[in-house]
Amino acid sequence: MSDTHSNTVSYVRDSMLPQQEPPLKDRGAVKWLRENLFSGWLNTVLTLLSILTVWFIIIEIGPWLMNTVWNAGSLRECREILDGTSGACFAVIKDRWHQLMFGFYPPEYYWRPVLAFVLMLVAVAPILFAELPRKMLYFSALFPFVGYHLLWGGSIWLPVAVLLGFVAGYIAFRLLDRMSSLISTLGAVAATLAWWFLLAGPFNAAMTSVLPIGLEFVRSDAFGGFLVSVVIGVSGIALSLPLGILLALGRRSEMIFVKSVCVVFIEFIRGVPLITLLFTASLLLNYFLPPGTSFDLILRVIIMVTLFATAYMAEVIRGGLAALPKGQYEAADALGLDYWKAQRLIIMPQALKISIPGIVNTFIGLFKDTTLVVFIGLLDPIGLSNAIRADTNWNGIYWELFIFIGALFFIFCFSMSRYSQYLERKLKTDHR
Amino acid sequence: MKTSVFYGTLAASALLAGAASAQSTLETVQSNGELSCGVSTGLAGFSAPDANGVWQGFDVAVCRAVAAAVLGDPMAVNFVSTTGQTRFSALASGEIDMLARNTTWTFSRDVDLGFTFAGVNYYDGQGFMVNRELGVSSAMELSGATVCIQTGTTTELNLADFFRVNGMDYEPVPIETNAEAQQQYLAGACDVYTKDSSGLAATRASFPEPGNHAILPEIISKEPLGPAVRQGDDQWADIVRWTLNALIAAEELGVTSANIEELAAGTDNPEINRMLGSAGELGAMFGLESDWAVRAISAGGNYGEIFASTIGEQTPIGLARGLNAQWTQGGLLYAPPFR
């Protein structure tokens, strides 16, 4: 191949030289280090400081974590096993994890909250992932009743009676659908309320006496640990989004009455700390309720947490609505869509997409706020950590419980955050 | 609309509450088939759920005794965990039937808040714990010390009073919970930890090296802890008071959970006979069956047995009887006669 270079013009090379590797400082790990960690004296100092910090944390905590005792019946046993050396005593988690998870829920029924949790994932899946068959949404709609019955039990006819209220509303809606959307909506609401207040009670009583089936009733006092956090958190999240959307629309409404009610509600709830609302739920309501017939503390807390999250959600979504150009509203009008259709087909899909980070932020905040119920004596994980510490076996244990609780909360919140990032990427139809 | 429904519910339930309050507490408890008893969310030795979720402890035992006396079943108790903030309104609103939550009997709680204290089940008092390395043997030597103190409690006020009266100064380290205080104290953030002495003993027992820490002899406050009920239902207050008295008197009279079966059949001691119902009609006077005291004492034993099994010297908490011994032993426990 010596004649490849037919050197007709001596200074022109007409064949490619073989590619050479970049110099050492511009490739591989060295390049990455130079660009990301040591790209200037300030970043170098910061990097070194960070490494030192990480090193100290590992030196301090590492041996303690590595030297973990998993099998012991009490803190004293742990200390005997450790025999003066520093080490964690995660035996407390092994001994009490069922309590941290389920509280005082009867152990023979642990399958019920577990099943409810699994079904919740199934119910949530079609909402989160559009690829799944749409038929699964029917199950999602049914899940609140299934979940309630699994967790609390009692007569199966109570959730059925409540469910039939929605069926009654749907039938009324279909019957009146031909007249106008306003009348049919009003009719549906009226039918649902009429069923709940007039017929659901007798129906429930009659069916229970005829056919008393259902799971064993478990009282709310038995709920504790992460069961409480998840029940309150999930109910709050599931309820606050639709209610928040309605409130946000109400606040932007041109009808003065609707608008002022929404504004007053949002500003009032946002102006009050959550802990105040929780104290209201646990203390103030007691004075109004007849003794003995107290309505469930967890239900009261769910209502208050939902109201609180709803107000924040409404403002997040209002931000999304405000970010939409006016042309979108006008385009919807030009297509001849009525208000609800325009919201459903044009406005909301865009506004909600813009609001995703804010919505998930509110969700995560709400989920973590559920630990505030410890102040009204509900035994959530933090409350149970106190109760476990009060047992003479475990009195004096501290970090292990908080590390475990923190890790579980992190799993929940981090997966929510990852999902929201996935959703944002998927819905990113502009700014490509 | 949501808010109006909410307030409508409030108004309606207020009306219902007025109508329902006519029922006496005893009737409520009997018709519910269980006693709603307010306890703390967790205090070592006094109330805490065990690994099976069953509440155990000294305060819990009082609830169980009352449930046994009224309903015949010591397990028929619905324990409502209350915090320092929620305990009084839970009792006042009727959410709980009695409160057994290491609550100090004070004038304002008795008179102003409208409760009736049914007696004293534990005489406590505020004390100090120090590290032995400090070489302090009396609270009078604590001038200039840093003190870990739980905020918002009477102990905070007692501490200020004590140091002012004795002309000493101190630096408070405010702490929210007992668990946090233990960490701070062990980490050396404060020289002294102050708290009710029963709590100090429980805290010290949990330390890796309890022997390195000393509880000083001075007790700077009176903390008579006792079960409380709502004012205005004297029958119910009597039931709780005399159940507690029965536990105390049983110890004095030598009635224990071991020999109560035998003694309930009848003895030579007329007071035991009256208390246990084999003579006289004491139970019927406040609407209970004649063997109410037998059931209460069988639930967890007499006062001494309960003390020994929950907080006594054989337990990790290791409290001596001290003021809580019978009056015949130099203590303050003195049950009025069953007659």
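Each chain gets a letter, A, B and so on, in the order the sequences are listed, and its residues count up from 1.
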Of all heavy-atom pairs linking B/Gly42 and A/Ala390, the shortest is C-CB, 3.2 Å
Applying a strict 4.5 Å limit to non-hydrogen atoms, the region of B/Asn52 in contact with chain A is backbone
Bottom line for A/Asp391: the part with an atom under 4.5 Å from chain B's heavy atoms is both
Test side chain to side chain contact (heavy atoms under 4.5 Å, CB included), reference B/Ser206, set A/Ile397, A/Thr392, A/Asn395, output is A/Asn395
When the 4.5 angstrom heavy-atom criterion is applied to A/Trp394 and chain B, the contacting part is neither
**Message:** Quick check against the 3.5 Å criterion: does B/Ser81 have a side-chain atom that pairs as donor or acceptor with the backbone of A/Gly377?
**Reply:** yes
For A/Phe375 and B/Thr83, the nearest pair of non-hydrogen atoms, with its separation, is O-OG1, 3.4 Å
CZ/A/Phe197: more than 12 non-hydrogen atoms of other groups inside 6.0 Å: no
Here the pair of heavy atoms bringing B/Ala179 nearest to A/Arg389 is CB-NH1, 3.2 Å
Crowded around B/Glu209 CD? As in, over 12 foreign heavy atoms under 6.0 Å?
no
Heaviest contributor of heavy-atom pairs below 4.5 Å to chain B, chosen from A/Asn386, A/Leu379, A/Ile388, is A/Leu379
Note: vs chain A, highest number of non-hydrogen pairs under 4.5 angstrom among B/Gly53, B/Ala205, B/Gly57 is B/Gly53
Scored by heavy-atom pairs under 4.5 Å with chain A, the best of B/Asn78, B/Val80, B/Thr41 is B/Asn78
Output for pair (A/Asn393 CG, B/Asp50 CG), nearest 0.5 Å, gives 9.5 Å
Applying a strict 4.5 Å limit to non-hydrogen atoms, the region of A/Val264 in contact with chain B is neither
Does CH2 in A/Trp64 sit with more than 12 non-hydrogen atoms of other residues, nucleotides or ligands closer than 6.0 Å? yes
Between the OG1 atom in B/Thr82 and the CD1 atom in A/Ile376, the distance rounded to the nearest 0.5 Å is 12.0 Å
Under 4.5 Å to a heavy atom of chain B? For A/Tyr105 that would be neither
Review point. Around A/Glu108, counting heavy atoms of other residues, nucleotides and ligands shown, do more than 12 lie under 6.0 Å from its CD?
Key: yes
Cut-off 4.5 Å, heavy atoms of chain A, and the answer for B/Phe207 is backbone
Cut-off 4.5 Å, heavy atoms of chain A, and the answer for B/Ser47 is backbone
When the 4.5 angstrom heavy-atom criterion is applied to B/Glu180 and chain A, the contacting part is both
What I'd like to find out is whether the side chain of A/Phe104 reaches to under 4.5 Å of the side chain of B/Val54, using heavy atoms alone.
no
Chain A shares the most heavy-atom pairs under 4.5 Å, among B/Gln182, B/Gln56, B/Arg87, with B/Gln182
